[in-house]
Structure formats: structure tokens, C-alpha cells
There are 2 protein chains.
Amino acid sequence: MPENVPLDTVDLRILRVLQNDARITNRDLAAAVHLAPSTCLDRVRRLRDAGVITGYTVRLDAGALGRPLQAFIAVRVQPHRRPLVAEFVAHARALPEVRAVFHLAGPDDFLVHVAVPGVGDLQRLVLDEFTARPEVSHVHTNLIFEQWDGPPLLPPVSPRASPPSPARSPRPR
Amino acid sequence: MPENVPLDTVDLRILRVLQNDARITNRDLAAAVHLAPSTCLDRVRRLRDAGVITGYTVRLDAGALGRPLQAFIAVRVQPHRRPLVAEFVAHARALPEVRAVFHLAGPDDFLVHVAVPGVGDLQRLVLDEFTARPEVSHVHTNLIFEQWDGPPLLPPVSPRASPPSPARSPRPR
DNA sequence: GCATGGGCCGAACGATATCCGGCGTGGGCC
DNA sequence: GGCCCACGCCGGATATCGTTCGGCCCATGC
């Protein structure tokens, strides 16, 4: 729904800071972007209302939670029609081992990102939850050795945007 | 580093709530899990110190940020040796379009999750940033139609854990 | 020059985070 | 069986914070 909301430099800085620590106090966030707390609150609320910020969440260590093994399971669904697709997605999303489901364009229709305690659980998942389903025509599994985040999800911000100049100009529309 | 930290039902409930809204006040979080605010603060701090909680972040809408197109780029690196692998990962992670990098066991060595403004950017990324590199032997791109989150990253919690019984027993070790 | 809209700010009030001392329970040890 | 210790939990107190509100100031359009 939200498409290409106009963001200025201050918005981007806010998002960058929040992405690094979403539980920062509004006061500290305001200081970090050189705004008054009240103004900063306005900005954040606007970003939420605009749909840019869709929520706040906690980053968890899957290994510490007893699920150190992660993998991508590629799945082909045949026939590849809406009812079957929807059903498959619903089924996959409901599995507690599933972290994310991607519907792809390509030879494989889906990529299912899973986190499990051990190899046995992975096997069970593939055999009982995927290949056992009639609409699933093909499955292959890729173990994840290691993973890394990319940079914060932001257009490059010019580094000169630091000085606390009031700059009381209208925001881009 | 953190491996299989013991978690009780209350911890799991805390994580579930935080995963749904990481900016909830400690007071409300405490109420949601039937604890005193001070005790709840202790719990959360312990989860952070134990490495279960690795941080708090904001969920952003890539489309609203002007990058509605997402894809997985599968990459083969040859020869597949540590120095080249490290170099490739560093390069990929530094690209602003990259959301995550996965090192895989399988025919493809890496899966790079990217978000871009349009098809042209995707093409540029593949040609200039991946196939142009000498260690990259093969690249193929899968567009992401749609994606969904799985359930909260938690072992199933028994639903009976709601009543506010003091239950002043020692936590599992 | 004047009216208008919007962004920004500061003060104030209510709510919150956080620390601390103490209590009660359960388990280990003798 | 009885004692001691460790630990989880709580409630109160203080400093800090979130949030609202009214008003200022600049930029724009007429």
C-alpha cells in the first residue's frame, strides 16, 4: 500500500538509529538526530502512519534458543495455481520451525527458511511436512553455514547531515 | 557463543511479546507475563546478557523506502577457499542493496538477498557487482514475488501458562 | 505586504525505568 | 529432620522519560 513515501535526511537518520536499537528512548533518539523530543515523536509517528515503519521486533539468537541448524528448503508446487499456492503457504507458515516463506519466480516456486535443533528435525520436516504433501512435486534442501546482515535498509545518507542547524524548511512532499 | 540457554515459560512469553512489539513499555510487558516490572526487567536483562536477545530493531517496508523489488541472487565462488569467500562476503555485505548474505552447503555457495528500486538496478547489481568479479563463476537470480514471516521464533508454549500464580520456584538451570 | 500552512520547539504533567533492600521458597548439606 | 544458603520475586522510591499542547517562525502563494 505505501509506495515511495518521501523521506528527508532526518527521517533516514531516525530509521538508521532505530534499526540499530529500536528500544532507544525517544529523548536519546531526538538527540541523535538533533531534534526536540516532541518533534522527534512527531516524525516517528508519521513514519509509522505512512507505513514505512511496520513494527518493532527483537533480534533473537536461534542457536541460543536451541535451534542452531538453519536451512533453505526449495519447493516446487504442481500444479502451480492459486488455491494450492495459498494452501502451501498457510501450511508452511504455521510450522514452528519456519522463519520465512518466499514465493519465487524461477524453477523453484518457494524458498522456505527454517531453523531446527538438529539434522533429524530437518529430515522430519522435509519428509513429513513437505514431500508428503500431494501438491509438492520436488524438494531440495540447502544447509546454511553462516549468515550476515547487509547494511541498514537505507539509501546512502550524505555524511554532512550532522550539524544541528535549525533548518526550518518545509519537508519534501 | 550462547548455546542452548535454559528458558522457562515466562522467558518464552517475554520473547514472544517483544517479538511482536519491541517498544512495549517494561510495565506493560510485565503485566503481559504476570510479573512485577522490576522482576521483568531482570528477566529481560538476563536474556540480553545470555545472548538470547541480540538486539532490537525496526521493521521497515522496503517498498515504502523506494525499493519494492526483491530477489535472491545465487552465486558460485571458485575456487571456494577461505580468502576468496571472506572477500566475497565483505564485498556483498557492503552493497547498499543487500539485505542479507547466506553461505550455503550445496551447488550454489551463496544466496544474496537484495532489495532494489527496479529491474535495472537488479541487472546492474548482477553484472557489475557479481559476474564482473573474477572469483564469481556463476550467478543466477530469482525474483521474489511475495514473502511471509513464519511464526514467532519460539518453541511451542503451552497455552495454560496464563494464570498469575506466584509460582516462586527456582528457574531451570 | 499579507494570509496560510506546516514544521519545530519548550514547558508541564502524568507515567515510566531503574535501583535496592528484603522476603519467601526450595534445595543441599550435615 | 533441621539448618543454611542461594535465588527469584516483589514493592517502594527517585530520577528520568513520554506525550500533549499552545505558540513561534519560516516559506509559500496571492
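In what follows, every heavy atom counts, from backbone to side chain, and hydrogens, waters and symmetry copies are set aside. So that the names make sense, note that chain A is the first sequence line, chain B the second, and so on, each numbered from 1.
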*Spacing of A:N26 atom CG relative to C:dA17 atom C1', expressed in whole Å*: 15 Å
_What is the separation between atom CG on A:D42 and atom C1' on D:dG18, rounded to the nearest whole Å?_
13 Å
*Please answer whether the main-chain N or O of A:A22 pairs with a side-chain N or O of B:R23 as donor and acceptor at a distance below 3.5 Å.*
yes
*Find the distance A:H34:NE2 to C:dC8:P and express it as a whole number of Å.*
14 Å
*When we call it a touch if two heavy atoms are under 4.0 Å apart, what does B:T39 touch: a base, just sugar-phosphate, or nothing?*
base
*D:dC17, D:dC10, C:dT16: which one has an atom nearest the side-chain heavy atoms of A:T25?*
D:dC17
*Phosphate OP1/OP2 of D:dT19 contacted by A:R45 side-chain N/O (<4.0 Å)*: no
*Using a cut-off of less than 4.0 Å, is there contact between a side-chain N or O of A:R27 and OP1 or OP2 of C:dG10?*
no
*What is the distance from CD1 of B:I14 to C1' of D:dG8, rounded to the nearest Å?*
13 Å
*Name the closest nucleotide to the A:R43 side chain, picking from C:dC8, D:dC9, C:dT16.*
C:dC8
*No-hydrogen, no-angle side-chain donor-acceptor test under 3.5 Å, A:H140 and A:D108*: yes
*Provide, to the nearest angstrom, the distance between the CG atom belonging to A:L41 and the P atom belonging to C:dC8.*
13 Å
*asked:* Just the rounded figure in Å: distance from P of D:dG8 to CG of B:D49.
replied: 13 Å
*Checking all strands, does B:R23 fall into the base, sugar-phosphate, or nothing category for heavy-atom contacts under 4.0 angstrom?*
nothing
*Which atoms form the tightest heavy-atom contact between B:F130 and B:L95, and what is the distance?*
CZ-CD1, 4.0 Å
*For B:L41, which fellow cluster members are found when Ile, Leu, Val, Met, Phe, Trp and Tyr are connected by side-chain heavy-atom distances below 4.5 angstrom, either directly or through intermediates?*
none
*Say whether B:E135 and B:Q78, considering side chains only, have a donor N or O and an acceptor N or O under 3.5 Å apart.*
no
*Examine the base of C:dG10 for any acceptor or donor lying under 3.5 Å from a partner atom in the side chain of A:S38, and report the outcome as yes or no.*
yes
*So which one's nearest nucleotide on DNA chain D is more toward 5', A:I24 or B:L35?*
B:L35
